[in-house]
Protein chains: 4
Amino acid sequence: MAKKRQERFEMLRESSKARIEKAALELFAHNGYGHTSISKIAAAAGISKGLMYNYYDSKEALLQAILQKGLDFGDSLLEGLPEDPKALLVFVVEASFQEVINNLEFWKLLTSLTFQEDVLKTFAPQFEQKKKEFIQLGTFTFQQLGHPDPEMQAMLFGAAMDGVFLHYILSPNDYPLEEVKCLLIENFCKKYK
Amino acid sequence: MAKKRQERFEMLRESSKARIEKAALELFAHNGYGHTSISKIAAAAGISKGLMYNYYDSKEALLQAILQKGLDFGDSLLEGLPEDPKALLVFVVEASFQEVINNLEFWKLLTSLTFQEDVLKTFAPQFEQKKKEFIQLGTFTFQQLGHPDPEMQAMLFGAAMDGVFLHYILSPNDYPLEEVKCLLIENFCKKYK
Amino acid sequence: MAKKRQERFEMLRESSKARIEKAALELFAHNGYGHTSISKIAAAAGISKGLMYNYYDSKEALLQAILQKGLDFGDSLLEGLPEDPKALLVFVVEASFQEVINNLEFWKLLTSLTFQEDVLKTFAPQFEQKKKEFIQLGTFTFQQLGHPDPEMQAMLFGAAMDGVFLHYILSPNDYPLEEVKCLLIENFCKKYK
Amino acid sequence: MAKKRQERFEMLRESSKARIEKAALELFAHNGYGHTSISKIAAAAGISKGLMYNYYDSKEALLQAILQKGLDFGDSLLEGLPEDPKALLVFVVEASFQEVINNLEFWKLLTSLTFQEDVLKTFAPQFEQKKKEFIQLGTFTFQQLGHPDPEMQAMLFGAAMDGVFLHYILSPNDYPLEEVKCLLIENFCKKYK
DNA sequence: GATGAATGAGTTTTCATTCAT
DNA sequence: GATGAATGAAAACTCATTCAT
C-alpha cells in the first residue's frame, strides 16, 4: 500500500534529520557555529553533504531548526509555579539548573551565539520577551519578599544565575554546580526584612 | 593598574602597529573574530594587507597580541588592596566594573572568544591561574567575613560579577550598571554573622 | 502537417510521458534549459524524479525528445504547396507564421538553444538539411519571379522571417505580428520585373 | 617614487582585467554564459580563480563589465548620419554590418543573453531606449521615402537586419554577408513611389 | 511502474597568506 | 618598510543521477 511506503520514507527522513541535528548540535556547541563546516557535520552524521540540503535550506536554517527545538523544550519553565514567593524563586532556580544540566550542549551553543547577533536575529524578539517576563516575575516576587529595589534585585538575580551557568558551561566537569546552587538559593531566596 | 595598557597605547599611538591593533580590536569586538577579514583591518588601519605580516605572523598572532595586553589588568587588580575584608570586596567590585567600562571592546572580544576554545588555548593556563587567584582571595575574604562556605561563596560572587558583565556587554547602552553594582555590593560585601 | 504533433500529444495526453514533456517544454521555454531542474519538471508534471529516468536516459534526452517533435513541422510545410510562385511564397509565410503562433513555446526554446551548440549537435545535420531545402525552394521560386540573384534573395527572405519571429518571440504580447506579416508579403512575394 | 609603483600596479591590473575579459567573452560567446564556469575562465586567462574576485564582485559583474564595454562602443552608430533618406538607410546598414563583423563575439554573446532575461535586466532600459530610437529614425525615414506604413516598414527593416545578423552569427564562416547586405539595401533603401 | 532518499561532482565565492617590486 | 596583485585551499550550495524498496 502507498501508506506503507510513505511511512517508511517518513521514518528515513526523521532518522536522517535526527542524525544531522545531533551531529550539528554537538559540533556547533564544541567548535562554534562559524568553525563548523557542512562537510564536518555530514561526516559526523555519516551522510553526504548534499543530503543536508534535502532537509534544510541552508546551514543557517539547520541552526534555526536546532534552536527552535530547544526553545520549544524550554517553554515549560514558567508553568506550575508555586504561590509562595520564596518557594517560587527556589523552584525557578531548581528548574533552570536542571534545564541547563539536561541540555548542556544546547545552552552552550545558545550562549556562544549571543555574540554573533546576526545569526540570532530571528529569535531576538522571542528572547527579549522571555527576558522581560523573567524580570517581571522576579520584580514582583522580590517585592513580595520586601526588597526595597525589587527590579534591580531581579536583574542581579538573573545575572548571578547566568554567571553560574556561564562558568558551568565552560567547564562542566569541574564545576561544583550543586553547591553553588545551594548558596545561590541561600543568598537570594529569602525574606528581605 | 589599567594605566599601564593605556600608556602603551599612548606610546604606539602613531605607529602602524598600534593602528592595526586598535582597528583590529574594534572590528573583532563588533563583528567577531571570524567575521573580520585582514583586508578590513588593513583598510581600517590605513595600511596595506602585506604590512600586517611584517608585524604579526598571522591573523591569530595579531589576536594573541591584543589579548596579551588584557592580561596586564588582572595583575594590577590585586595590587594596593585594602586590608579590611569588606573594603577589599568593594574595592574589587569597583575596580572590576571600572575596567569593564573602560575597556568594553576588549572584554566583549574576550567574552566572545570564550567559546572558541582553539583560539584561547594559548592563554588558557594564564586565565586558569588568574581565576584561581581570584577565588583564593575571595575564599580568604569571605572566611574573614564569617561565611560558613567561603570558597563556594567566592565562586558565586565571581559568577554574579561575570553575569552582570555579560549582560552589560550585550547591551551597554540600556543596562543600569551602576544600580546593579550597588546591589551587588549590598548583597555580597558584608559580614555574614 | 502540424496536426501530426498535436495528435501525438492527444494520444499521450493522459500518460506520464506527455505530462513530463508538456511541463518540461513550458519550463525550458520560460526559464531556459539550464535553469530548469529535473526536480521542478517532476513537480510540475506531478510525478517523481525517478520516474523521469524510466522514460528518458537523461535531462538532455528529454530535451531531444521534445525537439524531435518540432522537426515534423518542416516536413509538413513543404507539402501541398501551390504551383503559382507568388502564391507559394505567401503560403510559406502564412504557414510559418501560423506555426510560430501555435507553438510559441517550442520555438522560443529552439531559438534559445541555438546558442548552446553542444545541446543541438544531435540535430545540427537535420537542421542544415531543412535550411538547405528551404533555400532551394526559395531560390527556385525567386527565379520564377524573375529575381536577378534568387539565391541571395532567398537567404534574405529567410533572414527577414527569422528576424520577425525573433522579435515576436521576445515580446509576443506587444508585437504587431499581423501587420508586419502583411508588409513582409508585400515586400517579398511579388514579381521582380 | 610612489607614483611609479602605482603606475606599475595599474598596468598589472589592467593587463589582468583585459586577459580575464577577453577569455570570458570568448567562452561566454562560444559556450554560453551559464555553461562557462569561473574555473574555465581563469584557466583560459592563465590566472587563478581567486584573482577574478579582486576585480569583479561576481561572475555576473564580470558579464556586466563586458556588456557595458560593448555598449559604450556601439553608441557611436547614430552619429554623423547623412541627411538624404536613402543614404541614411544605407549608412545605417553599412555601419551596423561593420559593427557586427568587428565585434562578432560580443554580438553573439548579447544575442544569446536575450533569452536569459534575468541577466540582462540591468541593461533592459538602455536596450529599450535604443530600440525605440532606431524605430523612430526608421519610421521618419520611410515616411520621407513615401512608404504608406512607415512604422511597420521600420520594424520589418529592423527584423530583416537582425535576422541576417542571427544567421551570420551562427555560421560566420559560411555566410555570404556581403551579398545579402547588398540585397538588403536594394530591397529596403529606395523610394516607395 | 513509481517513489524520493541519498550521493558526489561541480559551481560560485571568500580570504589568509605569499611575494615580486 | 611598504605595497597590493596573485594564489589556492576551503566554504556553502546545486542538481543530475542512482537505487533500494
Side-chain angles (χ1 to χ4, degrees), chain A residues 2 4-6 8-17 34-42 46-62, chain B residues 15-17 34-43 46-62, chain C residues 15-17 34-43 46-62, chain D residues 2 4-6 8-17 34-42 46-62:
Chain A
K4 249 187 195 163
R5 188 166 48 199
Q6 278 190 359
R8 186 163 45 80
F9 281 136
E10 182 66 20
M11 277 175 58
L12 269 176
R13 264 214 309 280
E14 287 311 317
S15 123
S16 287
K17 279 173 82 166
H35 279 51
T36 304
S37 70
I38 298 288
S39 294
K40 279 179 203 149
I41 296 173
I47 55 147
S48 69
K49 269 182 300 177
L51 187 56
M52 228 223 56
Y53 291 90
N54 279 11
Y55 301 123
Y56 310 94
D57 283 344
S58 63
K59 186 185 172 187
E60 192 173 329
L62 167 60
Chain B
S15 80
S16 295
K17 225 173 151 177
H35 281 50
T36 303
S37 69
I38 296 286
S39 291
K40 278 180 202 150
I41 296 172
I47 55 138
S48 69
K49 270 184 299 180
L51 187 54
M52 243 224 44
Y53 288 88
N54 281 9
Y55 296 128
Y56 310 95
D57 284 345
S58 65
K59 185 185 175 188
E60 195 172 327
L62 167 59
Chain C
S15 82
S16 296
K17 227 175 149 175
H35 281 49
T36 303
S37 68
I38 296 285
S39 291
K40 277 178 202 151
I41 297 172
I47 56 137
S48 70
K49 270 184 300 182
L51 187 53
M52 245 226 39
Y53 288 87
N54 280 9
Y55 297 129
Y56 311 94
D57 283 345
S58 65
K59 187 186 175 187
E60 196 174 327
L62 167 59
Chain D
K4 252 189 196 162
R5 186 166 50 199
Q6 276 190 0
R8 186 163 46 80
F9 281 137
E10 182 66 19
M11 278 177 56
L12 269 176
R13 263 213 310 280
E14 288 311 318
S15 124
S16 288
K17 278 174 82 166
H35 279 49
T36 303
S37 70
I38 298 288
S39 294
K40 279 178 204 151
I41 296 172
I47 56 146
S48 69
K49 269 182 301 177
L51 187 57
M52 228 222 58
Y53 290 90
N54 278 12
Y55 300 122
Y56 310 94
D57 284 344
S58 62
K59 186 185 172 186
E60 193 173 329
L62 167 60

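Per chain, numbering begins at 1; letters A, B, ... match sequence-line order.
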A.B. asks: Give one of base, sugar-phosphate or nothing for B:Thr36, where a contact means two heavy atoms less than 4.0 Å apart.
C.D. replies: sugar-phosphate
A.B. asks: Could you state the CD-C1' distance from C:Glu60 to F:dC15, rounded to the nearest angstrom?
C.D. replies: 16 Å
A.B. asks: Please confirm whether the shortest side-chain N or O distance from D:Ser58 to OP1 or OP2 of E:dT12 is below 4.0 Å.
C.D. replies: no
A.B. asks: Which is more 5' along DNA chain E, the nucleotide nearest B:Gly34 or the one nearest D:Met52? Just name the residue.
C.D. replies: D:Met52
A.B. asks: Would you mind telling me which residue lines up with the more 5' stretch of DNA chain E, B:Ser37 or A:Ile47, judged by nearest nucleotide?
C.D. replies: A:Ile47
A.B. asks: Nearest to the A:Leu12 side chain among F:dA11, F:dA6, E:dA6, which nucleotide is it?
C.D. replies: E:dA6
A.B. asks: In whole angstrom, give the distance that lies between atom CZ of D:Arg8 and atom C1' of F:dT3.
C.D. replies: 8 Å
A.B. asks: If you check the B:Lys59 side chain, which of E:dG4, E:dT13, E:dA16 turns out closest?
C.D. replies: E:dA16
A.B. asks: On a heavy-atom basis, which atom in B:Ser58 and which in B:Tyr53 lie closest, and how many Å separate them?
C.D. replies: CA-CE2, 4.0 Å
A.B. asks: May I ask you to test the A:Ile41-A:Leu62 pair for a side-chain heavy-atom distance under 4.5 Å?
C.D. replies: yes
A.B. asks: State whether the side chain of D:Lys59 and the backbone N or O of D:Thr36 hold a donor-acceptor pair below 3.5 Å, judged by distance alone.
C.D. replies: yes
A.B. asks: So if I take every side-chain heavy atom of B:Ile38 and compare against F:dA5, E:dA16, F:dT14, which nucleotide ends up nearest?
C.D. replies: E:dA16
A.B. asks: Within this structure, what is the CD-to-C1' distance between D:Glu10 and F:dT3, rounded to whole angstrom?
C.D. replies: 14 Å
A.B. asks: Can you tell me how far C1' of F:dT17 sits from CD1 of C:Ile41, to the nearest Å?
C.D. replies: 13 Å
A.B. asks: Can you see if the side chain of B:Lys49 gets near the phosphate of F:dG4 - specifically, an N or O under 4.0 Å from OP1 or OP2?
C.D. replies: no
A.B. asks: Atom CG of B:Leu51 to atom P of F:dA5: distance rounded to whole Å?
C.D. replies: 16 Å
A.B. asks: 5'-most contact on DNA chain F: A:Lys40 or A:Gly50, nearest heavy atom basis?
C.D. replies: A:Lys40
A.B. asks: Indicate yes or no: at least one non-hydrogen side-chain atom of A:Glu14 is less than 4.5 angstrom from one of A:Met11.
C.D. replies: no
A.B. asks: Just wondering, do C:Met52 and C:Lys49 contact through their side chains at under 4.5 Å, heavy atoms?
C.D. replies: no
A.B. asks: Expressed as a whole number of angstroms, how long is the span from B:Asp57:CG to E:dT17:C1'?
C.D. replies: 12 Å
A.B. asks: Has B:Tyr55 got a side-chain N or O lying under 4.0 Å from the OP1 or OP2 atom of F:dG1?
C.D. replies: yes
A.B. asks: Flag yes if more than 12 heavy atoms outside B:Asn54 fall under 6.0 Å of its CG atom; otherwise flag no.
C.D. replies: yes
A.B. asks: Within less than 4.0 Å of OP1 or OP2 of E:dC19, is there a side-chain N or O belonging to B:Tyr53?
C.D. replies: no
A.B. asks: Would you say D:Arg13 places a side-chain N or O within less than 4.0 Å of OP1 or OP2 belonging to F:dA5?
C.D. replies: yes
A.B. asks: Is any N or O donor-acceptor pair between the side chain of D:Asn54 and the base of F:dA5 shorter than 3.5 Å?
C.D. replies: no
A.B. asks: Take the protein atom CD of D:Gln6 and the nucleotide atom C1' of F:dA2, then report the distance between them rounded to whole Å.
C.D. replies: 13 Å
A.B. asks: I want to verify a distance call: between E:dT3, F:dG4, E:dT7, whose nearest atom is closest to the A:Phe9 side chain?
C.D. replies: E:dT3
A.B. asks: Round to the nearest Å and state the distance from A:Met11 atom CE to F:dT21 atom P.
C.D. replies: 13 Å
A.B. asks: What is the base-pairing partner of E:dA20, counting Watson-Crick and G-U wobble geometry with both distances under 3.5 Å?
C.D. replies: F:dT3
